[in-house]
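Heads up, the thing below is written out as structure tokens.
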Amino acid sequence: METIKLVYPVEGGDLIEAGEASSKMKLTLKKLGLPQDVIRRASICMYEGEINMVIHADGGQAEVEVDADQIIIRMQDTGPGIPDVTQAMQEGFSTAGQTARELGFGAGMGLPNIKRYSDEMKIETELGKGTTVTVRIKIPQ
Amino acid sequence: MTVQQLQQTLGWTAFHMADPGRQVTGGYAGDLLSWVMGRAERDCAWFTIMSNQNVAAVALMADVACVVLTEGVVPDADLLRRAEEKEVNLLGTGEDTYTAACRFRGCLE
Ligand SMILES: Nc1ncnc2c1ncn2[C@@H]1O[C@H](COP(=O)(O)OP(=O)(O)OP(=O)(O)O)[C@@H](O)[C@H]1O
Ligand SMILES: [Mg+2]
């Protein structure tokens, strides 16, 4: 199988449209005929990353690469960066504001969920420059 | 049990039935979306009082069999539209979450 590359722009601040990139990716992965569990795990990782880009970073971009044995999702933003990644990774830690919380976000579970549902997760971040979250999901053969 | 059987047996409202024949195998109750994302299992019925459209995206990503809005909550217009778009089964009941979950549990057995 040739590597398939997909790019999804994510608009910032727009919690109304949030989740559209993940929904589109999920549809594409389904069409590719990947195993249900792989699709579900990739979708959850992508959704949590997408929502974080919308809430915490004023948008960004997700690049998805699919080949025969893995899916790589790279979610890149030019937001404020994460001051303390270890703290951000803890269940329950959140800096989400009132509006996001009223909609059901801000439990501080997004990054832990990404960790849980991916095979590998990497966070690169620089204050004032942005954050890139990269996720690898293996496709069982 | 299918989503339609569940809805009919318990007399719940069908706000949107995208896939009435879908099997339901378990349940999860919660309103914080990332908790649902992390804990709800595929093919479960998800009980919540959240009525905004992000519910449809979470239901799709977590691959739940249906969403059940409890406490008489009705979906806002955007949620209904999203549920149609994303083919999410969306039910509702006037019961509180505990009662709805208990009755559902009785049905599953
Ligand atoms: N892309 C990002 N840019 C800047 N800060 C981020 C980014 N992603 C996460 N963070 C920081 O890490 C914290 C934890 O993120 P996490 O996704 O775990 O929880 P949350 O988004 O606050 O709530 P939830 O995901 O449960 O709705 C956030 O509150 C925020 O401070
Ligand atoms: Mg988050």
Side-chain angles (χ1 to χ4, degrees), chain A residues 10 14-30 34-52 54-56 62 73 88-94 96 99-118, chain B residues 16 18-19 22-26 28-44 46-71 73-90 97:
Chain A
V10 174
D14 189 358
L15 273 172
I16 301 295
E17 290 301 315
E20 283 314 284
S22 310
S23 303
K24 282 185 195 144
M25 181 199 72
K26 178 161 191 180
L27 211 65
T28 305
L29 297 183
K30 259 189 179 166
L34 296 174
Q36 273 194 336
D37 177 61
V38 168
I39 297 177
R40 184 172 188 271
R41 289 165 54 215
S43 301
I44 291 175
C45 292
M46 172 92 156
Y47 182 76
E48 293 290 8
E50 179 180 359
I51 295 294
N52 279 353
V54 175
I55 295 181
H56 307 296
I73 305 174
M89 283 300 299
Q90 278 168 11
E91 292 194 357
F93 177 83
S94 175
T99 320
R101 287 178 194 268
E102 276 165 13
L103 291 171
F105 301 109
M109 292 296 288
L111 293 176
N113 279 348
I114 296 178
K115 173 113 192 122
R116 176 160 177 220
Y117 284 108
S118 62
Chain B
H16 181 66
D19 184 2
R22 179 145 182 196
Q23 291 291 325
V24 195
T25 56
Y28 185 83
D31 304 316
L32 295 179
L33 300 177
S34 285
W35 273 102
V36 178
M37 217 49 150
R39 295 289 194 269
E41 286 179 11
R42 166 199 299 284
D43 297 327
C44 76
W46 168 28
F47 298 84
T48 182
I49 56 166
M50 281 295 182
S51 59
N52 69 73
Q53 59 172 331
N54 298 291
V55 165
V58 170
L60 177 69
M61 298 307 142
D63 227 346
V64 303
C66 64
V67 179
V68 184
L69 302 180
T70 57
E71 310 275 5
V73 165
V74 286
D76 66 25
D78 288 324
L79 172 55
L80 206 53
R81 179 171 54 85
R82 290 285 187 212
E84 287 164 10
E85 237 173 67
K86 298 187 195 310
E87 301 180 0
V88 169
N89 291 323
L90 186 59
T97 302

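Being a predicted model, the structure only gives us computed values, none of them experimental. By convention in this document, chain letters (A, B, ...) are assigned in the order of the sequence lines, proteins followed by strands, and residues within each chain are numbered from 1.
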Q. Do B:Arg82 and A:Glu20 meet the salt-bridge criterion of a basic N to acidic O distance under 4.0 Å?
A. yes
**Q.** B:Met50 portion near chain A, given a 4.5 angstrom heavy-atom threshold
**A.** side chain
Q) So which part of A:Arg40 gets closer than 4.5 Å to some heavy atom of chain B, the side chain, the backbone, both or neither? A) both
Q: Give the minimum heavy-atom separation between A:Ser23 and B:Leu60, together with the two atoms involved.
A: OG-CD2, 3.8 Å
**Q.** A:Tyr47 OH to B:Asn54 CG distance, which is reported to the nearest 0.5 Å
**A.** 4.5 Å
Q) B:Gly38 and A:Tyr117: which non-hydrogen atoms are nearest, and at how many Å? A) O-OH, 2.9 Å
Q) By a 4.5 Å heavy-atom criterion (distance strictly below it), what part of B:Asp31 contacts chain A: side chain, backbone, both, or neither? A) backbone
Q | chain A contacts, top residue of B:Arg39, B:Lys86, B:Glu85, B:Gln53 (heavy-atom pairs, under 4.5 Å) | A | B:Gln53
Q. Shortest non-hydrogen contact from B:Trp35 to A:Ala107?
A. CD1-CB, 3.7 Å
(Q) Taking CD in B:Glu41 as the centre, count heavy atoms belonging to other residues, nucleotides or ligands within less than 6.0 Å. Is the count above 12? (A) no
Q: State, to 0.1 Å, how close B:Met61 and A:Lys26 come at their nearest heavy-atom pair, and which atoms those are.
A: O-NZ, 3.9 Å
Q.
Given heavy-atom pairs under 4.5 angstrom as the criterion, report whether the side chain, backbone, both or neither of A:Glu102 touches chain B.
A. backbone
Q) What closest approach, in Å, do B:Leu33 and A:Leu103 show between heavy atoms, and which atom pair accounts for it? A) CD1-O, 3.4 Å
Q: Heavy-atom distances under 4.5 Å only: say whether B:Arg42 touches chain A with side chain, backbone, both or neither.
A: both
